[in-house]
Participant: 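I have a structure here, written as structure tokens, and I will follow up with some questions on it.
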Amino acid sequence: MINAVLEIILKAADKKERLLVTLDGPCASGKTTFAAALAGELDAAVLHTDDFVVPHPQKTAERLAIPGGNCDWERLCREVIAPWKQGVQPQLQRYDCQHDCLLPPETLTADRILILEGSYCNLPAIRAYADVRLFMMTPEKKRLERLRQRESPESLQRFFERWIPLENAYFAAYGLPDAECIPIE
């Protein structure tokens with residue numbers, strides 16, 4: 001499957017100076033692993049939506065009622081994606097969830113291809129910049145098995161009570177995967 005995806009990305013890259021690839025899908029579907037494999041083949045940079053979670057003070061009930069509202073898509077687009085698409089190597093600040101703070105600024109070193117990996121990378125504002133949209137279609141049984149292997153019992157409970165329902169609401173609200181998403185099975 002990776003070869004077919006590489007072909008699609010390389011074909012799209014021939015037509016663009018800077019190509020944004022989004023890789024969305026449910027938790028534990030293999031997004032991070034697949035993004036790393038693509039990046040290695042393409043000499044691309046990978047950016048994770050997990051680094052752009054909304055800080056705790058901004059997590060209001062109103063904000064979290066919006067599907068995908070726990071992603072700080074405004075900052076991601078303003079500070080990283082828009083400047084990068086315009087040819088500027090942006091400064092970014094990753095969000096540290098455990099300490100509820102932004103980490104020191106760092107320069108995004110992505111020349112021609114940037115892979116944005118993670119849930120919520122098909123929010124409308126981000127999708128507007130995307131050139132190739134991928135969606136992981138891993139069976140639920142396999143995803144749940146992966147979660148059970150990698151998460152503590154407490155963390156697994158948070159996935160079932162919070163993260164999976166938030167992702168499902170996001171997918172339903174935006175009709176994902178849609179016809180423009182390339183399925184990765």
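All values reported here derive from a predicted model rather than from experimental measurement.
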Participant: Give a yes or no answer on whether the side chain of R112 reaches the backbone of K16 with a donor-acceptor pair at less than 3.5 Å.
Facilitator: yes
Participant: Between E74 and R63, is the closest basic N to carboxylate O distance under 4.0 Å?
Facilitator: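 Judged by the 4.0 Å cut-off on N to carboxylate O distance, R63 and E74 do form a salt bridge.
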Participant: May I have the step-by-step check of side chain to side chain donor-acceptor pair (under 3.5 Å) for Y170 and D24, ending in yes or no?
Facilitator: CA-CA 11 Å; Y170 156 70; D24 207 332; 2.4 Å; yes
Participant: Any pair with a residue in residues 131-156 that passes ring-ring contact (aromatic ring centres under 6.0 Å, His included), sequence neighbours left out, goes on the list, sorted by first then second residue, please.
Facilitator: F135-F171
Participant: So does R94 pair up with E106, basic N to acidic O under 4.0 Å?
Facilitator: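 Answer for the salt bridge query: yes.
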Participant: Is any side-chain heavy atom of L76 closer than 4.5 Å to one of I126?
Facilitator: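 Answer yes - side chains close enough.
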Participant: Cluster question for you: counting only ILVMFWY and a side-chain heavy-atom cut-off of under 4.5 Å, with indirect links fine, are L134 and L42 together?
Facilitator: yes
Participant: Does a sphere of radius 6.0 Å around CD in E140 hold more than 12 heavy atoms from other residues, nucleotides or ligands, not counting ones at 6.0 Å or beyond?
Facilitator: no
Participant: Please lay out, stage by stage, how I81 and W73 fare under the test side-chain contact (heavy atoms from CB on, under 4.5 Å).
Facilitator: CA-CA 10 Å; I81 297 173; W73 57 267; over 6 Å; no
Participant: Without hydrogens or angle criteria, can the side chains of E117 and T49 be said to hold a donor-acceptor pair below 3.5 Å?
Facilitator: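 Absent: no donor and acceptor within the cut-off.
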Participant: Report yes or no: do Y95 and D50 form a side-chain donor-acceptor pair below 3.5 Å?
Facilitator: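 Their side chains do not contain a donor-acceptor pair, so the 3.5 Å distance test is not met.
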Participant: Between R18 and D131 (salt bridge meaning N to carboxylate O under 4.0 Å), is one present in this structure?
Facilitator: no
Participant: If we ignore hydrogens and angles and just use 3.5 Å, is the side chain of E41 paired with the main-chain N or O of L6 as donor and acceptor?
Facilitator: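 Checked: no pair found.
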Participant: Say whether, by atom type as modelled, one donor and one acceptor occur between the side chain of Q89 and the main chain of L108 under 3.5 angstrom.
Facilitator: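 Yes.
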Participant: For residues E79 and P90, determine if any side-chain heavy atom of one lies less than 4.5 Å from a side-chain heavy atom of the other.
Facilitator: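 E79 vs P90: side chains apart.
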Participant: So do V53 and K59 actually touch side chain to side chain, heavy atoms under 4.5 Å?
Facilitator: yes
Participant: Evaluate H99 against D96 for side chain to side chain donor-acceptor pair (under 3.5 Å), listing each step before the verdict.
Facilitator: CA-CA 6 Å; H99 297 100; D96 180 342; 2.8 Å; yes
Participant: Whether R127 and D178 form a salt bridge (side-chain N of Lys/Arg under 4.0 Å from carboxylate O of Asp/Glu) is what I want to check.
Facilitator: yes
Participant: State whether the number of non-hydrogen atoms from other residues, nucleotides or ligands found under 6.0 Å of D43 atom CG is greater than 12.
Facilitator: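 At most 12 heavy atoms, drawn from other residues, nucleotides or ligands, come within 6.0 Å of this atom.
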